[in-house]
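One structure below.
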Number of protein chains: 2
Amino acid sequence: MSIELEARARGKREETKASNRQAIIDAARIVFAELGYGATTVRDIIRATELASGTFYNYFKSKEEVFQALQDETALRVRPRLRAERIRARNFEEFVSGSFRTFFDFVKNDHTTFATMRRNPDMQRVRIDTPEVIAGFDELRADLELAIANGVVPATDADLLMASMVGVAFEVANHLVLRSDLSAEDAAKFATALFMGGVQALPKKAASR
Amino acid sequence: MSIELEARARGKREETKASNRQAIIDAARIVFAELGYGATTVRDIIRATELASGTFYNYFKSKEEVFQALQDETALRVRPRLRAERIRARNFEEFVSGSFRTFFDFVKNDHTTFATMRRNPDMQRVRIDTPEVIAGFDELRADLELAIANGVVPATDADLLMASMVGVAFEVANHLVLRSDLSAEDAAKFATALFMGGVQALPKKAASR
DNA sequence: CGAAAAGTTGACGTGGCGTCACGAATGACT
DNA sequence: AGTCATTCGTGACGCCACGTCAACTTTTCG
């Protein structure tokens, strides 16, 4: 019923296109999680769908591109939460703690996404900063610049401050996944304290970038 | 002459083994830097040597293993410098600033090593934490635990503190390579200030790990 | 010197890659 | 409803990288 409605609204062509694309992405998520990113081949992904090999290439150029689509899907879920948290913040402490807590909570709960990057032969990590992820970084930098302009944060290099927050977030997130004795809350408290104490001491700079 | 001496001392067998292994590593360094890690194939590396394809597999199982050997070579150069810097430190400020300065100096000067990870299709980063790299992390954590035991640093989670330093170091290093307006010294000053201000505020913890 | 051990070589079977000619499904138009 | 053009799924194909292995060459040792 709803399928028929959609078909009438969008046309059957559009319909199967969307469904094929999603089928590939869903299959890829499973296969990546099972074999690890490095070991997965395009063929593995195709086999996990009911499509022919040629069809894959109508939608994606390579497994890298599928992975990007996955990452973008994830980033699209997290980015608005982070943004909302920062906007809601009435002071810098809430800005920082809200960001870290939201991110770490997400990592703890959405194990699969991070597990993909982790389940790899040996100690190899793959990180792809997709457009959506980069946009998230830019957004954070812009918000930091705003905070600087408002005098909430001492004038310093916003780009480096952003990079530091990102670096700590990702690296601590790894330990969060590996250590069972570490809660998202404790990790967030740690990172927040580090930055709240740290920003006061940062070297002054005229304008950033 | 020196070759003959070495041959007599070590045996010709050992001699060519070492030379073959090094030839592969050297070729790999060039090829990785040229094509990027992801795009490089084992065959590309072999073609850059004068050896047959079968010979490669007498020395390495895959391109991953060659890359690990490269990483280990690099880590082996940096780790002692970092360690020395931390040992020489007479207080925690020197500990932190010495570490960051040494690391960032290395990244700025030894462009090739970091460039390999960077010259990749799109925005894909590959990071392999080899045994040597992990040993470096462990060493840093141990030194931090020592600093805590000596009361130079407030008692906190040494593992998280280590992760934070590593995260900031790597992420800022990326920006260091990309931004022409950023010197190793400025980056080190920034990171040092962040941590010197931050550690004072860190949440207390009984014993770490 | 001669035989055994160690190591090198490149051809080979396997399988993934991306393409493309074909045919089926769709939708536009009458 | 019927015709036609367009879009898209299909899978066989040529190409190349992979890792192996039997034959060959070099080194070692008695």
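In this text the structure is predicted, and so the values were computed from the model without any measurement. Letters A, B, ... mirror the listed sequences (proteins, then strands); counts begin at 1.
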*Hey, which of these two, B:T16 or B:T40, hits DNA chain D nearer its 5' end, going by closest nucleotide?*
B:T40
*Using modelled atom types only, decide if a donor and an acceptor are shared between the side chain of B:E73 and the backbone of B:A69 within a distance under 3.5 Å.*
no
*Less than 6.0 Å separating the ring centroids of B:F95 and B:F92?*
yes
*Atom CG of A:N20 to atom P of D:dT10: distance rounded to whole Å?*
8 Å
*Indicate the ring-plane relationship of B:F60 and B:F56, choosing parallel, tilted or perpendicular according to the 30° and 60° boundaries.*
tilted
*Can you check whether A:T40's main-chain N or O pairs, donor with acceptor, with A:K63's side chain at less than 3.5 Å?*
yes
*If each of A:V42 and B:F56 is mapped to the nucleotide of DNA chain C with the nearest heavy atom, which maps nearer the 5' terminus, i.e. the 5' end?*
B:F56
_What contact category does A:S53 fall into here, base, sugar-phosphate, or nothing, at under 4.0 angstrom with non-hydrogen atoms?_
base
*asked:* Nearest whole Å is fine: how far is D:dG19 P from B:F60 CZ?
replied: 14 Å
*asked:* Classify B:Y59 by what it touches in the nucleic acid, base, sugar-phosphate, or nothing, heavy-atom distance under 4.0 Å.
replied: sugar-phosphate
*With under 30° as parallel and over 60° as perpendicular, where do the rings of B:F170 and B:F137 fit, or are they tilted in between?*
perpendicular
*Could you tell me whether B:T41 contacts a base, only the sugar-phosphate backbone, or nothing, with contacts defined as non-hydrogen atoms closer than 4.0 Å?*
sugar-phosphate
_Tell me the interatomic distance from A:R47, atom CZ, to D:dG11, atom P, rounded to whole angstroms._
14 Å
_With hydrogens left out and only the distance checked, is there a donor-acceptor pair under 3.5 Å joining A:R43's side chain and the base of C:dG18?_
yes
N/O contacts under 3.5 Å, protein versus nucleotides 20-24 of chain C?
none

*asked:* Just the rounded figure in Å: distance from P of C:dG7 to CD1 of B:I24.
replied: 13 Å
*Is the B:F67 ring parallel, tilted or perpendicular to the B:F32 ring (thresholds 30°, 60°)?*
perpendicular
